[in-house]
Asker: 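The structure's right below; bear with me while I get my questions together.
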Protein chains: 2
Amino acid sequence: MPTLADVGRVAGVSRGTVSNVFNHPDLVRADVHQRVKAAARQLGYDGPDPRGRVLRDGKFNAIGFLPPGAYAIADVIRSPYGRELVLGVSIACDAAGATLSLINGRDETRNSSIREALVDGFILGHSADIDLITSAQRRRLPFVILESDAGPDVNSIRIDGRSGALAAVRHLAALGHRRFAILSIRRTSGPPIIHIPGSGKSAITAGFQLDHERLVGFAQGLAEINLSINDVPIIETTPGEPSAGAVVFDRVPQATAILTMSDWQAITVLDEAIRRGINIPEHLSVVGFDGTAESARTTPPLTTVAQDIAGKGRLAADMVFANAAPKQIVMPVELVVRGSTARPRR
Amino acid sequence: MPTLADVGRVAGVSRGTVSNVFNHPDLVRADVHQRVKAAARQLGYDGPDPRGRVLRDGKFNAIGFLPPGAYAIADVIRSPYGRELVLGVSIACDAAGATLSLINGRDETRNSSIREALVDGFILGHSADIDLITSAQRRRLPFVILESDAGPDVNSIRIDGRSGALAAVRHLAALGHRRFAILSIRRTSGPPIIHIPGSGKSAITAGFQLDHERLVGFAQGLAEINLSINDVPIIETTPGEPSAGAVVFDRVPQATAILTMSDWQAITVLDEAIRRGINIPEHLSVVGFDGTAESARTTPPLTTVAQDIAGKGRLAADMVFANAAPKQIVMPVELVVRGSTARPRR
DNA sequence: GAAAAAACTTGGAGCGCTCCAAAAAATTGT
DNA sequence: ACAATTTTTTGGAGCGCTCCAAGTTTTTTC
């Protein structure tokens with residue numbers, strides 16, 4: 001491939017002038033400009049190679065998105081939540097004229113991904129892994145972590161999951177529900193884990209801040225009607241686990257209301273209900289979480305704890321671009337009551 | 001930021017040895033390795049800076065995805081088709097350990113995006129713009145263009161849109177339909193354009209190969225039942241235009257069957273039908289295009305011309321990674337008959 | 001038409017890295 | 001103990017670019 005210097009040689013000007021023709025054309029006399037362009041055309045030179053510019057300028061004009069935990073980018077795009085998040089990030093990138101790099105790298109390679117990514121900053125999906133944050137800090141690039149508060153030195157954005165969970169329980173409690181079950185998130189791979197009350201182990205032990213906060217909110221709401229979360233069955237499923245709905249009906253048939261940690265989980269319950277001919281909300285109330293676009297289109301439409309997912313993505317990207325003093329942002333949630341919740345039968 | 005040389009100076013070894021510690025640790029004696037690691041730690045050096053490596057090696061370990069035509073990345077992620085496509089690409093990138101760069105840049109800046117993207121290859125969304133292909137070729141990186149055949153020297157993947165369109169018409173014709181309308185794609189911005197027959201202008205004039213092929217398929221199917229596509233109303237809407245469904249009912253009320261170019265368009269018709277209390281398929285049959293996941297979940301489920309969208313994305317990425325002799329691939333489509341089509345009334 | 005001002009061009013420096021041929025050090029064999 | 005062999009380390013070269021201070025040419029002014 002020809003270089004600036006090659007073009008300069010053919011045009012009879014210096015490297016610097018050729019660079020100016022492409023980057024600061026106003027500085028170059030018209031006839032020289034022509035001559036350089038002609039030489040470039042002749043050599044098939046199509047403009048300065050970005051590789052050289054990267055080293056010289058130290059900028060990539062891109063931000064990186066790292067999926068949370070053990071997920072791949074494909075998992076993010078598959079999930080309604082992930083899609084809306086990436087959508088928000090992409091809107092901000094578009095506005096800033098930056099590229100959005102979706103960076104793969106599971107567990108072991110995650111740290112080297114951070115070290116080597118060709119980006120000017122990061123957005124890290126929620127994670128319990130403190131190493132990741134250390135890696136990001138070492139890179140000395142601006143970054144934001146989502147759904148984990150990593151202290152005052154680290155940018156973070158999370159929703160007020162506790163309040164959202166609390167609002168969900170209060171809503172169901174006000175309708176008269178007293179028999180609950182919780183669909184929580186399994187953070188390791190494998191089949192659903194079912195905690196039936198009586199094991200003695202406290203339910204509120206979650207590795208991820210996201211999960212933990214919501215469980216605390218559920219517990220608080222339950223406490224208000226004199227129930228203990230330790231007496232509520234909790235099913236942990238990995239995101240995307242299709243059997244989540246079936247497990248609910250098979251293992252906690254006595255529940256009249258299901259609290260979930262994602263619309264996705266709630267939708268599997270809806271789907272399974274249709275499959276079994278169980279009427280929602282008459283027989284069972286279901287509350288989703290996140291307020292994804294999907295939640296409005298289910299049958300019945302889902303009552304859900306809504307957050308502004310795309311707004312969160314946009315804000316995250318903007319914080320990376322701004323590269324200002326670290327901030328910890330907590331975004332509000334709002335219970336959106338739709339058709340999937342009703343008074344319990346009888 | 002410290003560099004390899006700084007670490008070497010502190011550890012009392014050369015630049016090259018420090019590089020080896022990070023890249024070829026087996027070549028370095030254990031005690032030296034320790035010393036270098038210690039020096040690195042002391043200086044806060046976290047591994048070779050990717051900027052230097054990029055210039056030296058000339059590789060980015062990333063492929064770029066450019067949205068079609070005038071779209072931004074956000075538009076791609078918003079659309080069901082775009083999502084599944086990106087999903088497929090991301091699966092292939094994950095498998096290859098590469099980063100997926102979503103590259104913004106509308107029309108005017110599209111060419112410079114190609115020139116400057118920090119990637120080892122490209123996937124170009126469908127486009128009518130020959131300049132884009134020229135730009136991509138000048139960059140001398142492997143690339144694939146989707147839904148446009150740009151000749152034997154250019155990698156391309158497209159579906160057999162003509163056959164799909166033909167199958168859709170044949171299906172409706174077999175059901176007894178004779179009054180059709182077509183929802184086509186407007187490739188410029190603005191409100192829907194409505195072609196009512198009689199204008200004399202041939203309907204089959206589309207700037208994009210994707211659109212053109214499908215129109216040809218529709219025309220062929222119509223010809224089989226002695227209808228001319230020039231006698232069929234055609235409505236062109238920009239992707240994402242929410243009024244598409246309303247325009248159908250307002251402007252072509254006599255149609256008993258609607259042929260579309262995307263599930264998305266078909267879904268707006270379904271939504272509008274619900275809004276107006278019109279029963280589908282009893283009063284109107286609708287055929288989608290693409291077979292997105294959404295098409296299976298509508299009420300009623302959509303009859304659609306399905307393609308393997310994610311498979312196409314994966315294949316495209318793999319072709320870029322393979323960097324082999326140019327190929328032009330045509331992928332099959334399959335008419336999936338579901339609940340949105342039925343015999344016309346009476 | 002010469003001096004002053006403005007416009008344009010030049011080429012050195014340096015961004016941080018990896019490769020590689022050659023040098024140096026360590027190990028082995030006799 | 002020394003040569004031969006193997007292992008380890010070295011530092012020059014070069015990747016392609018942009019910035020910028022200094023130099024050169026052109027234009028303007030009186």
Side-chain angles (χ1 to χ4, degrees), chain A residues 1-40 43-61 112 115-120 138-141, chain B residues 1-40 43-61 112 115-120 138-141:
Chain A
M1 290 287 289
T3 70
L4 279 181
D6 298 327
V7 176
R9 208 170 303 120
V10 170
V13 297
S14 74
R15 225 173 54 256
T17 297
V18 181
S19 173
N20 281 337
V21 166
F22 286 98
N23 296 302
H24 306 284
D26 46 308
L27 293 180
V28 181
R29 233 172 43 217
D31 59 318
V32 176
H33 187 280
Q34 295 303 321
R35 221 162 66 235
V36 170
K37 282 284 192 184
L43 292 173
Y45 184 84
D46 202 39
D49 190 309
R51 291 191 253 105
R53 195 179 344 230
V54 157
L55 180 53
R56 163 73 215 201
D57 292 356
K59 284 273 167 266
F60 297 100
N61 192 34
S112 66
R115 205 168 52 233
E116 297 175 1
L118 308 177
V119 299
D120 304 322
R138 266 212 275 273
R139 186 76 195 270
R140 290 180 224 186
L141 292 176
Chain B
M1 290 288 289
T3 69
L4 279 180
D6 298 327
V7 176
R9 207 169 303 120
V10 170
V13 298
S14 74
R15 227 173 52 255
T17 297
V18 182
S19 173
N20 282 337
V21 166
F22 286 97
N23 296 302
H24 307 284
D26 46 307
L27 294 180
V28 180
R29 234 173 42 217
D31 60 317
V32 176
H33 187 281
Q34 295 302 323
R35 221 162 65 235
V36 169
K37 282 283 193 185
L43 292 174
Y45 185 84
D46 201 38
D49 190 309
R51 292 191 251 105
R53 187 162 10 213
V54 157
L55 180 53
R56 164 72 213 199
D57 292 355
K59 284 272 166 268
F60 297 100
N61 192 33
S112 66
R115 206 168 51 233
E116 297 175 1
L118 307 177
V119 299
D120 304 323
R138 266 212 276 272
R139 186 77 194 269
R140 292 182 221 183
L141 292 175

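If you're wondering where the values come from, they're calculated on a predicted model, not measured in any experiment. Per chain, numbering begins at 1; letters A, B, ... match sequence-line order.
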Asker: How long is the line joining CG of B/L27 and P of D/dT10, in whole Å?
Answerer: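 Between P of D/dT10 and CG of B/L27: 13 Å.
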
Asker: Can you tell me how far CG of B/N20 sits from OG of B/S14, rounded to the nearest 0.5 angstrom?
Answerer: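 B/S14 OG to B/N20 CG: 8.0 Å, rounded to 0.5 Å.
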
Asker: Report the C-alpha distance between A/R51 and A/D49 in whole Å, list the side-chain angles of each, state the deciding distance to 0.1 Å, and finish with yes or no for salt bridge (charged side-chain N to carboxylate O under 4.0 Å, His left out).
Answerer: CA-CA 5 Å; A/R51 291 191 253 105; A/D49 190 309; 3.3 Å; yes

Asker: Which nucleotide of DNA chain C is the first, and which the last, in the 5' to 3' direction, to come under 4.0 Å of a heavy atom belonging to chain B?
Answerer: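 Using the under 4.0 Å cut-off, the span is C/dG16 to C/dA26.
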
Asker: Under 4.0 angstrom, heavy atoms only, what part of the nucleic acid is A/V54 near: base, sugar-phosphate, or nothing?
Answerer: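 Result for A/V54 = nothing.
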
Asker: Using a cut-off of 4.0 Å on non-hydrogen atoms, how would the nucleic acid contact of B/Y45 be classed: base, sugar-phosphate, or nothing?
Answerer: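 Touches sugar-phosphate only.
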
Asker: Would you say B/V54 and B/L118 make side-chain contact, with heavy atoms under 4.5 Å?
Answerer: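 The answer is no, as the side chains (C-beta and beyond) never meet within the 4.5 Å cut-off.
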
Asker: Using a heavy-atom cut-off of under 4.0 Å over every strand shown, decide if B/T3 touches base, sugar-phosphate, or nothing.
Answerer: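 Touches sugar-phosphate only.
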
Asker: Starting at the 5' end of DNA chain D and moving along, which residue's nearest nucleotide shows up first, A/L4 or A/R29?
Answerer: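 Its nearest nucleotide being more 5', the pick is A/L4.
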
Asker: May I ask you to decide if B/A11's main-chain N or O and B/R35's side chain share a donor-acceptor pair within less than 3.5 Å?
Answerer: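 Judged by distance alone, yes, a pair lies under 3.5 Å.
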
Asker: Measure CG/A/D57 against C1'/D/dC20 and give the value in whole Å, please.
Answerer: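 Atom CG in A/D57 sits about 14 Å away from atom C1' in D/dC20.
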
Asker: Students often get this wrong, so: under 4.0 angstrom with heavy atoms, is A/H33 touching a base, only sugar-phosphate, or nothing?
Answerer: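 Nothing, no nucleic acid heavy atom in range.
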
Asker: Checking the side chain of B/R139 only, and the main-chain atoms of B/A117 only, is there a donor and an acceptor separated by less than 3.5 Å?
Answerer: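 Such a contact is found between B/R139 side chain and B/A117 backbone.
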
Asker: Is it the case that the side chains of B/N61 and B/R53 hold a donor-acceptor pair, with the cut-off being a distance below 3.5 Å and no angle test?
Answerer: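 Judged by distance alone, the side chains do not pair up.
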
